[in-house]
Structure formats: structure tokens, C-alpha cells
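Not measured: the values here are computed from a predicted model. In what follows, every chain begins at residue 1, and chains take the letters A, B, ... in the order their sequences are listed.
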There are 2 protein chains.
Amino acid sequence: MLTGTDLLTVGQMTARSGFAASALRYYEAEGLISASRTSGGQRRYERHILRRLAFIRAAQNIGLSLEEIKEALGKLPEGRTPTPADWAKISRAWRGRLEEEIEALVRLRDGLEQCIGCGCLSMKRCRISNPDDVAGRYGSGAVTLPELLREDRRTHG
Amino acid sequence: MLTGTDLLTVGQMTARSGFAASALRYYEAEGLISASRTSGGQRRYERHILRRLAFIRAAQNIGLSLEEIKEALGKLPEGRTPTPADWAKISRAWRGRLEEEIEALVRLRDGLEQCIGCGCLSMKRCRISNPDDVAGRYGSGAVTLPELLREDRRTHG
DNA sequence: GCTTGACCTGAAGTGCACTTGAACTTGCAG
DNA sequence: CTGCAAGTTCAAGTGCACTTCAGGTCAAGC
């Protein structure tokens, strides 16, 4: 199946990474991954690209945008194949991000407890949905509790 | 409540709800809220629409789509102004959803701990990014750990 | 050499949740 | 009655992360 070199075809990459071929092309166009070409113009991927894709998928799961992921990937060493330590280094920042997301959700859940307890869902008092007391301070569109969360969940205001 | 003058203008609604006027129009077009009109065709909102908007914002923070929110709102009683109990009832389902989201994030965080510990980020072994052992079972595009999470965070696969 | 499936490109389409723009009308203060 | 901020409609645009399509090319097994 595999000839002299250990370069991988698009088909092999889709099978091994779970990403669609169109996604791989997209990532290449966006500068997140790279590929060499055969004389006929077909893509051939080095094996370590799989690790890059693993990183991309993991980062997506944490909620990073492709732009952020690209930036993170840019911090990898240029000349050599990244070591496990390199990957660990750039992943370390994720922990804080995840912690924040978890905390925001927990606050939301606890606020919800209160709201369900009192049935208050209101612009004036509700802890999980109260833009009113923020509107004056930040202008319209601001949200009380889960600002962090909203940034993660919605594309733009 | 019988006075005709406590209807709110668009401007008052944007100020009190934090939603942009365009968003209010959009929600009306989508059937999430309603408004009466002046003889000249301008919108006038009843006060209880603010509560509906509070619900919408809260639900968005929990991660529901407008479609889901619309469905939830549809469960409110038709004839009368919803009571706190009505709101509490339809909010109750959120708790489970939030719990699931939190758990998914916690699993992700704990997986990340392991990955950082061993620096393994790999298609083959990494707990937070391993489509490989799923690919055969579900086909391409499937993701090991945070399926629930991915559904929440990405529009479609 | 032929066939066939894998692969190529560039442009356009998708889905959500809105926003923006253009061109026009209403409503209220002075 | 006038001026003008605030409101109206409909169409089109935005941003992300892709997917789909049309129309062609490549690589490998027979």
C-alpha cells in the first residue's frame, strides 16, 4: 500500500485524522497545515501533520477559533519536528481557559437554581439573565454574568 | 395594566433589554416575540415581552439555539400572561443540559492534565483528541470525548 | 493502454444569528 | 407647523468553518 516514502495521501489523512478532505484543504489554505505535492499536483502529507491535526481537533474542543489555533501553532519551533514537550508547552494555556469556561457554566447553573427556586426570571432581578443593571454601565448588548461564555458561544454581537 | 400608555417603543426595549433593535425585529420575524403597531406602523411592545427577552438571553447563555428557544417558548400558556411558575417550569430542563456541558468540560480538562503530563498529543493515544479509535466505529468526523460539546460549539459537521 | 477511483481547482453555497444600508415615514418637542 | 430623532421595510452583507459543485486530471491495477 505504501510506496518508498512514508508520505500520506489525502485519503489516508482523512481516514487517520477524521477530518474531511475539504477541511484539510481549508486548513492548508488558512495556513494551519502544509503539504508537499507530487509531480502531478496531488497533496502528500508528512506523518507529523497528523499530530498537528490532533492539536487542531483538541483545541477546537476547548473552544478555540481557527485563528487562535493558527496563532498557537505558530509558536512551535520552525526548523525541527515538534517534541512532546513543545506540544505540552503550547497546550498549557488551555487549562486556564477551560477552568474559566467551567466556572462560568457553574455560576450559570447556580444562578439557575436560584431562578428556578423563586421563579423570578426577570430583567430586573434574575441572576442568569439581567442586562438591565449592566446596560447603563457598558452600553447596550452587554450581559451580566457569562460574558466570557457569550464570547465563546456566539460568533459576534 | 389597563392603561394604554405602558406600551414600550423599540428604543425603550433596546435600552431595557440590551438587545439591538435589529435583533428585536429578527426575533419578531422568527416568531419568538410579538408586538402591536401604532396607526403609523411603529412597533409597541407589552411589558411582559421583556420577560420573554430575559428568557431568550438566559437560554442563549446556556447554549440553546433560537430554534430551541422558540420551541421552549411555545410551551408557555397561550391565553394568559405567564406566571413565575410557568417560567420556572420551562427552565427546569436547562439544569440537565448545563450539568452535561459542565461534565464534558471537566472531562476535557482532566484529559488535558494527562496530556500535559505526558506530552502525548497524538492521534493514537491522546485522550482529548483521538478520532482514530472512533473512526472505524462511527465513520469519519467523529470525535472521542466531547461529542456533546462539539454539538454545542460547532454549527454542523 | 485503459479504466476507475482518487484527486485537483475555484467559485459558490450553507447555517446561524444577526447587522448594515438605502430609501422612506412617524411622532413629538418647540 | 416644522424639524429631526426615531422608526419603518426589504435586501444584502457578515463571520466562521467548512461543504458542495462543476469540470477536469492523476495514479495504479489489470
Can you find a side chain N or O atom of [X] that sits less than 4.0 Å from OP1 or OP2 on [N]?
{"X": "A:Thr38", "N": "D:dC26", "answer": "no"}
{"X": "B:Arg44", "N": "C:dG27", "answer": "no"}
{"X": "A:Arg25", "N": "C:dT9", "answer": "no"}
{"X": "B:Thr9", "N": "D:dA6", "answer": "no"}
{"X": "B:Arg43", "N": "D:dT8", "answer": "yes"}

Query raised in the report: Should we count CD of A:Glu71 as having more than 12 external heavy atoms under 6.0 Å?
Result: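 No, the 6.0 Å shell around CD holds no more than 12 heavy atoms from other groups.
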Query raised in the report: Closer to the 5' end of DNA chain C via nearest nucleotide, is it B:Gly41 or B:Leu24?
Result: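 Upstream on the strand: B:Leu24.
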When you measure from the side chain of [X], which nucleotide among [options] comes out closest?
{"X": "B:Gln42", "options": "D:dT9, D:dT19, C:dG27", "result": "C:dG27"}
{"X": "B:Ala20", "options": "C:dT19, D:dT20, C:dA17", "result": "C:dT19"}
{"X": "B:Val10", "options": "C:dA17, D:dA27, D:dT8", "result": "D:dT8"}

Query raised in the report: For residues 64-73 of chain B, which residues have at least one heavy atom under 4.0 Å from DNA chain D?
Result: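 The stretch gives none, as no residue of it lies under 4.0 Å from the strand.
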Query raised in the report: Are side-chain heavy atoms of A:Thr9 and A:Arg43 found at a separation under 4.5 Å?
Result: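 Answer no - side chains too far apart.
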Report task. Please determine which of A:Arg37, A:Lys70, A:Arg52 meets the salt bridge (Lys or Arg N to Asp or Glu O under 4.0 Å) test together with A:Glu28. Result ->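 Testing each of A:Arg37, A:Lys70, A:Arg52 against A:Glu28, the sole residue satisfying salt bridge (Lys or Arg N to Asp or Glu O under 4.0 Å) is A:Arg37.
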Query raised in the report: From B:Phe55 CZ over to B:Ile90 CD1, what is the distance, rounded to the nearest 0.5 angstrom?
Result: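 Rounded to the nearest 0.5 Å, the CZ-CD1 separation comes to 3.5 Å.
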